[in-house]
Amino acid sequence: HELVVVARDRGDVPQETTAFITVRITDINDNQPTIRLDFKTPGGRAEVREDVTVGRRIANVVVADPDEPSKVSRLGVTLSGDSGYFKLERTNTGYDLVLAKQLDRESADTFNLLLEALDEGSPPLRASLQTQIKVIDVNDNKPEFSKEVYHVSILEAMDPGSSVFQVTATDKDAGANGEVTYRIENSAETHSDWFDIEPDTGTIVTRSQVDCETDPEPRLVVVASDNGNPRLSSSASVRVSIQDINDNEPIFERTFYNATLKENERVGLCFLKVSATDPDCGINSVVSYKIGEAANMGRRFKMNPNSGEIC
């Protein structure tokens, strides 16, 4: 402060003189520094996409000290709680908060940071700021099935609309990026048209009657897709074994066989072979042979039950 002091006497003709006084006020460290973050993210919010590149400036660290405004740039600022993912870089005017390591929301979706500023007073005063930074998900994970190949067995007699099996896939992403829908990849060769799948639950149901004689083990390819942009997908195989019901009778290649033998042929000579097939599956398709009791020839002829040879 600059003061002017005037001294005047009390004579008939007053005389006076002046003096100039300069008053300097010495500061004492009685004000705490302040600290705040000025985020440079879209929308200025405390959130960062997990695909932001390392080295990107996340926020300006703005510090102030009413006691020593000219020394703000020399204030010491420390950072903790960042788990190595963030760091402070000094600038001409203070500090920048910078991404130091690639983020992964699936590993850590929030960070609770603590910034502290310490002035140069005696005693030094400290300011602190706690802030939470949220990591925004990007669609960087495909749905994952619990198995690559599923095996299931069903009865051939199942009605259309019957539940067969439920597949499960999970996605580590969040929100729409982690929502999974299912579909069956259509293929006429594998008879996938016999089946349908509930898109939200992954439950496979029969769309029509299955037939073991046509295909005893149809193979389905189930595709799981998330709802991100772009959508990511993965697939798994479902092998369906159809348990046959014995709904077909054996069929001889011919309905009438004729053979001629000399009466002096040696015993044990096999002179005729019959053949029959059964369109059923598995054990139900195995054919065995015997001579009918009505023929009354059991003592004169023998039949091989496996080959169909008559001797």
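What you are looking at is a predicted structure, and each value in this text was computed from that prediction instead of being measured.
- Gln243 CD to Cys281 SG: the interatomic distance, rounded to the nearest 0.5 Å, is 11.0 Å.
- Taking hydrophobic clusters as Ile, Leu, Val, Met, Phe, Trp and Tyr residues chained together by side-chain heavy-atom distances below 4.5 Å, Ile251 does not share a cluster with Val274.
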field: From CA spacing to verdict: side-chain contact (heavy atoms from CB on, under 4.5 Å), Phe145, Val222
entry: CA-CA 10 Å; Phe145 283 94; Val222 179; 4.1 Å; yes

Chi angles and distances behind the side-chain contact (heavy atoms from CB on, under 4.5 Å) call for Phe301, Leu272: CA-CA 11 Å; Phe301 300 98; Leu272 183 65; over 6 Å; no

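- In this structure, Lys40 and Asp96 have side chains that are not in contact, with every pair of non-hydrogen atoms separated by 4.5 Å or more.
- Across Ile58, Leu115, Val62, a single residue satisfies side-chain contact (heavy atoms from CB on, under 4.5 Å) together with Leu37, and that is Leu115.
- Defined by atom type and a distance below 3.5 Å, a donor-acceptor pair is present between the side-chain atoms of Asn248 and Asp280.
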Indicate every side-chain donor-acceptor pair of residues 81-88 with a distance under 3.5 Å to a residue at least two apart or in another chain.
| from | atom 1 | to | atom 2 | distance (Å) |
| --- | --- | --- | --- | --- |
| Asp82 | OD2 | Gly84 | N | 3.1 |

- request: Evaluate side-chain hydrogen bond (donor to acceptor under 3.5 Å, both in side chains) for Thr110 paired with Gln132, printing each intermediate quantity in order.
  value: CA-CA 7 Å; Thr110 56; Gln132 184 179 83; 4.6 Å; no

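- Nearest approach of Ala276 to Val287, heavy atoms of both residues: O-CG2, 3.9 Å.
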- request: I would like to know whether Glu148 and Ser237 meet side-chain contact (heavy atoms from CB on, under 4.5 Å); could you show each step before the answer?
  value: CA-CA 6 Å; Glu148 292 184 1; Ser237 296; over 6 Å; no

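- Contact check for Glu106 versus Glu50: side-chain heavy atoms found under the 4.5 Å cut-off.
- Rounding to the nearest 0.5 Å places CZ of Arg183 at 5.5 Å from CD of Glu185.
- The OG atom of Ser162 sits 13.5 Å away from atom CD1 of Ile204, with the distance rounded to the nearest 0.5 Å.
- By the criterion of side-chain heavy atoms lying less than 4.5 angstrom apart, applied directly or through intervening Ile, Leu, Val, Met, Phe, Trp or Tyr residues, Leu232 is not grouped with Ile136; the two fall into different hydrophobic clusters.
- A heavy-atom distance below 4.5 Å is not found between the side chains of Trp194 and Val164.
- When Ile197, Leu220, Val152 are each tested for a side-chain contact (heavy atoms from CB on, under 4.5 Å) with Val167, only one passes: Ile197.
- Contact detail for Tyr150 and Thr168: the closest heavy-atom pair is OH-O, 3.5 Å.
- Within a 6.0 Å sphere centred on NZ of Lys101, other residues, nucleotides and ligands contribute more than 12 heavy atoms.
- Taken to the nearest 0.5 Å, the CD atom of Glu156 stands 7.0 Å off from the CD1 atom of Ile242.
- In this structure, the separation between CD1 on Ile310 and NZ on Lys302 is 14.0 Å, given to the nearest 0.5 Å.
- Remark: the Asn141 side chain and the Asp171 side chain contain no N/O donor-acceptor pair separated by less than 3.5 Å.
- Using modelled atom types and a 3.5 Å distance limit, the side chains of Thr181 and Arg231 yield a donor-acceptor pair.
- Across every non-hydrogen atom of Ala46 and Phe39, the tightest pair is CB-CZ, 3.6 Å.
- Taking every heavy atom of both residues into account, Ser187 and Ser192 meet most closely at N-OG, 2.8 Å.
- In summary, the side chains of Ser153 and Ser241 do not present any donor paired with an acceptor at a separation below 3.5 Å, with no hydrogens or angles considered.
- The existence of a salt bridge linking Arg8 and Glu16 is confirmed by a sub-4.0 Å separation between a basic side-chain nitrogen and an acidic carboxylate oxygen.
- Between Phe195 and Phe165, the distance separating the two ring centers is not shorter than 6.0 angstrom.
- Residues Asp196 and Val205 are in side-chain contact: their nearest non-hydrogen atoms beyond the backbone lie under 4.5 Å apart.
- With respect to the salt-bridge test (charged N to carboxylate O, under 4.0 angstrom), the residues Arg36 and Asp38 do not qualify.
- Contact annotation: the side chain of Gln209 approaches that of Pro160 to within less than 4.5 Å [non-hydrogen atoms, C-beta and beyond].
- Contact record, Tyr182 with Ala169: OH-N, 2.9 Å, taken as the closest heavy-atom pair.
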query: Do Leu103 and Arg49 pass the side-chain contact (heavy atoms from CB on, under 4.5 Å) test, and can you show the C-alpha distance, the side-chain angles, and the key distance before you say yes or no?
result: CA-CA 8 Å; Leu103 296 169; Arg49 283 171 56 97; over 6 Å; no

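- Of all non-hydrogen atoms in Ala108 and Val135, the two that sit nearest each other are O-CG2, 3.7 Å.
- Surrounding CG of Asp12 are at most 12 heavy atoms belonging to other residues, nucleotides or ligands under 6.0 Å away.
- Counting heavy atoms from C-beta outward, Thr203 and Ser163 have side chains that approach closer than 4.5 Å.
- Between Val63 and Pro33 there is no side-chain heavy-atom pair separated by less than 4.5 Å.
- There is no path of hydrophobic side-chain contacts, each under 4.5 Å, that joins Val98 to Leu113.
- In this structure, the side chains of Glu116 and Leu114 come closer than 4.5 Å at one or more pairs of heavy atoms.
- One hydrophobic cluster holds both Ile133 and Val52 under the rule that ILVMFWY side chains link at heavy-atom gaps under 4.5 Å.
- Within the model, atoms CG of Asp137 and NZ of Lys172 stand 12.5 Å from one another, a figure rounded to the nearest 0.5 Å.
- Both Tyr257 and Tyr289 belong to a common hydrophobic cluster when Ile, Leu, Val, Met, Phe, Trp and Tyr are linked at side-chain heavy-atom distances under 4.5 angstrom.
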